[in-house]
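Only this structure's heavy atoms are used, side chains among them; waters, hydrogens and symmetry mates stay out. Order of the sequence lines sets the chain letters (A, B, ...), proteins ahead of strands, with each chain counted from 1.
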There are 2 protein chains.
Amino acid sequence: MQKEQNLSKNQKIIFDLIDKSGGPMKAYSILFNVQKKGIKAPLQVYRALDKLVEIGKIHKIESRNAFIACQNSSCQVSKATAFSICESCENVSEISNLKLSKYLSNFSDNSGMKYNKYNLEFFGLCKKCKSK
Amino acid sequence: MQKEQNLSKNQKIIFDLIDKSGGPMKAYSILFNVQKKGIKAPLQVYRALDKLVEIGKIHKIESRNAFIACQNSSCQVSKATAFSICESCENVSEISNLKLSKYLSNFSDNSGMKYNKYNLEFFGLCKKCKSK
DNA sequence: TTATAAATGTTATATTATTACATAACGTTA
DNA sequence: TAACGTTATGTAATAATATAACATTTATAA
């Protein structure tokens, strides 16, 4: 796992922001938030995001075009991701369930395809929103 | 399951195009292809896509921003979708595996969240691309 | 120290998707 | 069949998301 001090300047600024936010952030919201730190252009944000995704520090929530800090301390590289997404408050959390990840990592069918990565997104209502 | 004859004019044009293509199609590629049929604006395409997704005739491949016809003849409404995506040729197919869908539909953890929908995308190399 | 890769800065532009508003077609039921 | 509500359509403008292209700088390592 890559250490945080190996992150470049922009990567660190952007990772810290996402991490501190505690939830998913969108690219242009990130951009807005880091402009005071000298990051002015979308591309600077997207490049850092790409790298952070590549090394597994963050994940992209595909259905939301948003990025969240990896909440799984033992995360190597993001080849196996699962999230739960509340359709009401849009809260997102990373699911780390060994049985689930084993089941999916070992999944194979008769398509002849070799799977080396997956992303799973569950949708529903979180505890709070359910009780409203 | 909604019958095809219940589709409106634009919905039918767009569904037929996606269905005949046999693979995932992107919204603006759809737009380009249906302009000769009088559908001129992005919104007309997105509105039809939204409806088709809602009734389960097509699914959105979130990681690709693309839409594919439901290949699962017994599909009611798309609350449980799984796809395999070749990262080389971008071929996409819908996985219909009863064990997998049962496993995921019944999945629950201690988050207190009630899951009523999921989307799973597997990535890898298809048979053809593997042997290249 | 030189050369190679990785990261940055900047401008422009491509791609994906929605807002807002006006009109038409369809289905129900009184 | 008239009136009503709902669904679908048409059109223009614009918002939101993401990448291309090119120049320069910084870090790594041979």
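Helix-axis bend for the helix from C:dT1-D:dA30 to C:dA30-D:dT1: the local axis fitted to the five terminal pairs at one end deviates from that at the other end by 40°, rounded to 10°.
Between B:L49 and B:A27, the closest heavy-atom pair is CD1-CB, 4.0 Å.
The aromatic rings of B:Y118 and A:F122 sit perpendicular to each other, their planes meeting at more than 60°, with 30° as the lower class boundary.
In this structure a side-chain-to-backbone donor-acceptor pair under 3.5 Å is missing from B:Q11 to B:A48. Of the possible polar contacts, none joining the A:S105 side chain to the A:K102 backbone as a donor-acceptor pair under 3.5 Å is found. At distances below 3.5 Å, not a single donor-acceptor pair connects side-chain atoms of B:D19 with backbone N or O atoms of B:F15. A:K60 places no side-chain N or O within 3.5 Å of a backbone atom of B:S63 that could act as its donor or acceptor partner.
If you take NZ of A:K12 and P of C:dA7, they are 16 Å apart, rounded to a whole angstrom. For the pair B:L52 CG and D:dT7 P, the computed distance is 16 Å after rounding to whole Å. One can place CG of B:N6 at 15 Å from C1' of C:dA25, the figure rounded to the nearest angstrom. Between B:L31 atom CG and D:dG10 atom P there is a gap of 12 Å when expressed in whole angstrom units. Rounded to whole angstrom, the span from the CG atom of B:L7 across to the P atom of D:dT7 amounts to 15 Å.
Looking at heavy atoms from C-beta onward, B:E87 lies in side-chain contact with A:K117 at the 4.5 angstrom threshold.
If you chain together hydrophobic residues whose side chains sit under 4.5 Å apart, A:Y46 and A:L17 fall into the same group.
At a threshold of 4.0 Å, the pair B:R64-B:E121 does not count as salt-bridged, since none of the basic side-chain nitrogens sits closer than that to a carboxylate oxygen.
In this structure, CE in A:M113 is found 8.0 Å from CD1 in B:I95, a value given to the nearest 0.5 Å.
Side-chain contact check for A:S96 and A:N72: no donor-acceptor pair (N or O, by modelled atom type) lies under 3.5 Å.
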Report, one pair per line, the protein and nucleotides 26-30 of chain D atoms (nitrogen or oxygen only) whose separation is under 3.5 Å.
none

For each nucleotide in nucleotides 8-20 of chain C, reading 5' to 3', give B when a protein heavy atom comes within less than 4.0 Å of its base, S when such contact involves only the sugar-phosphate, and - otherwise.
BBBB----BBBBB

